[in-house]
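Okay, so here's the structure we're looking at.
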Amino acid sequence: MKPEGSYARIYAVVCRIPCGRVSTYGAVARVAGLPGRARQVGYALHALSEEEVPWQRVVNARGQISLGAEAGMNSLQRQMLEAEGVSFDDRGRVNLDEFGWRVNPS
DNA sequence: AGCCTGACTCGGA
DNA sequence: CTCCGAGCCAGGC
């Protein structure tokens, strides 16, 4: 198993997130086969920087955008999600109970 | 080789 | 509900 393989897993999971839905780093990590390595998920996405992967649909457990550090990106992400139909509150948080993506919705 | 930082999460206060 | 501390792995210097 190559270390790069883990990254490909993360990208694959993110790509599986349907339009208008968001997921958390922990959830993606778990589905990608990296339980507890949520941090690495964010790290992988940061290194990603590709438009082919909807990294914008990935937020933290609070449903808030953690990009803060990357100037401009956090605002951009919010607008992109809003364009997909995702609602944000005054604090810039998403209602995971509603837009939170479930791997297998019952 | 080691040390520090980081797109995070969880449990407790 | 929010805030704080500890744990986790990988990359950069």
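Here is how names work: the chains are called A, B, and so on, in the same order as the sequence lines, proteins then strands, and each is numbered from 1.
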Are any protein N/O atoms closer than 3.5 Å to N/O atoms in nucleotides 2-6 of chain C? If there are, list each pair with its distance.
| residue | atom | partner | partner atom | Å |
| --- | --- | --- | --- | --- |
| C/dT2 | OP1 | A/Arg91 | NH1 | 3.0 |
| C/dT2 | OP1 | A/Arg91 | NH2 | 2.2 |
| C/dT2 | OP1 | A/Arg93 | NH1 | 3.0 |
| C/dT2 | OP1 | A/Arg93 | NH2 | 3.3 |
| C/dT2 | OP2 | A/Arg93 | NH1 | 3.2 |

How close or far is atom [atom2] of [N] from atom [atom1] of [X], stated in whole angstroms?
{"X": "A/Leu67", "N": "B/dA7", "atom1": "CG", "atom2": "C1'", "value": "5 Å"}
{"X": "A/Tyr43", "N": "B/dG6", "atom1": "OH", "atom2": "P", "value": "10 Å"}
{"X": "A/Leu48", "N": "C/dA10", "atom1": "CG", "atom2": "C1'", "value": "16 Å"}
{"X": "A/His46", "N": "B/dG6", "atom1": "NE2", "atom2": "C1'", "value": "9 Å"}
{"X": "A/Arg9", "N": "C/dA10", "atom1": "CZ", "atom2": "P", "value": "16 Å"}
{"X": "A/Leu45", "N": "B/dG6", "atom1": "CG", "atom2": "C1'", "value": "13 Å"}
{"X": "A/Ile10", "N": "C/dC8", "atom1": "CD1", "atom2": "C1'", "value": "14 Å"}

Interatomic distance, A/Glu82 atom CD to A/Arg78 atom CZ [nearest 0.5 angstrom] = 5.0 Å

Using a 4.5 Å cut-off on heavy atoms from C-beta on, say whether the side chain of [Y] contacts that of [X].
{"X": "A/Tyr11", "Y": "A/Glu52", "answer": "no"}
{"X": "A/Tyr43", "Y": "A/Arg37", "answer": "no"}
{"X": "A/Leu67", "Y": "A/Leu76", "answer": "no"}
{"X": "A/Ile65", "Y": "A/Phe88", "answer": "yes"}

Take A/Glu84 and A/Phe99, measure what side-chain contact (heavy atoms from CB on, under 4.5 Å) needs, and give me the verdict at the end.
-> CA-CA 11 Å; A/Glu84 294 190 358; A/Phe99 298 101; over 6 Å; no

Apply side-chain contact (heavy atoms from CB on, under 4.5 Å) to the pair A/Val14 and A/Val41, showing each step before the final yes or no.
-> CA-CA 10 Å; A/Val14 176; A/Val41 175; 5.6 Å; no

Can you sort out the partners of A/Gln77 under side chain to side chain donor-acceptor pair (under 3.5 Å), two or more places apart, ordered by chain and number?
-> none

Under a 4.0 Å heavy-atom cutoff, the residues of residues 21-42 of chain A touching DNA chain B are A/Thr24, A/Tyr25, A/Gly26, A/Ala38, A/Arg39, A/Gln40, A/Gly42

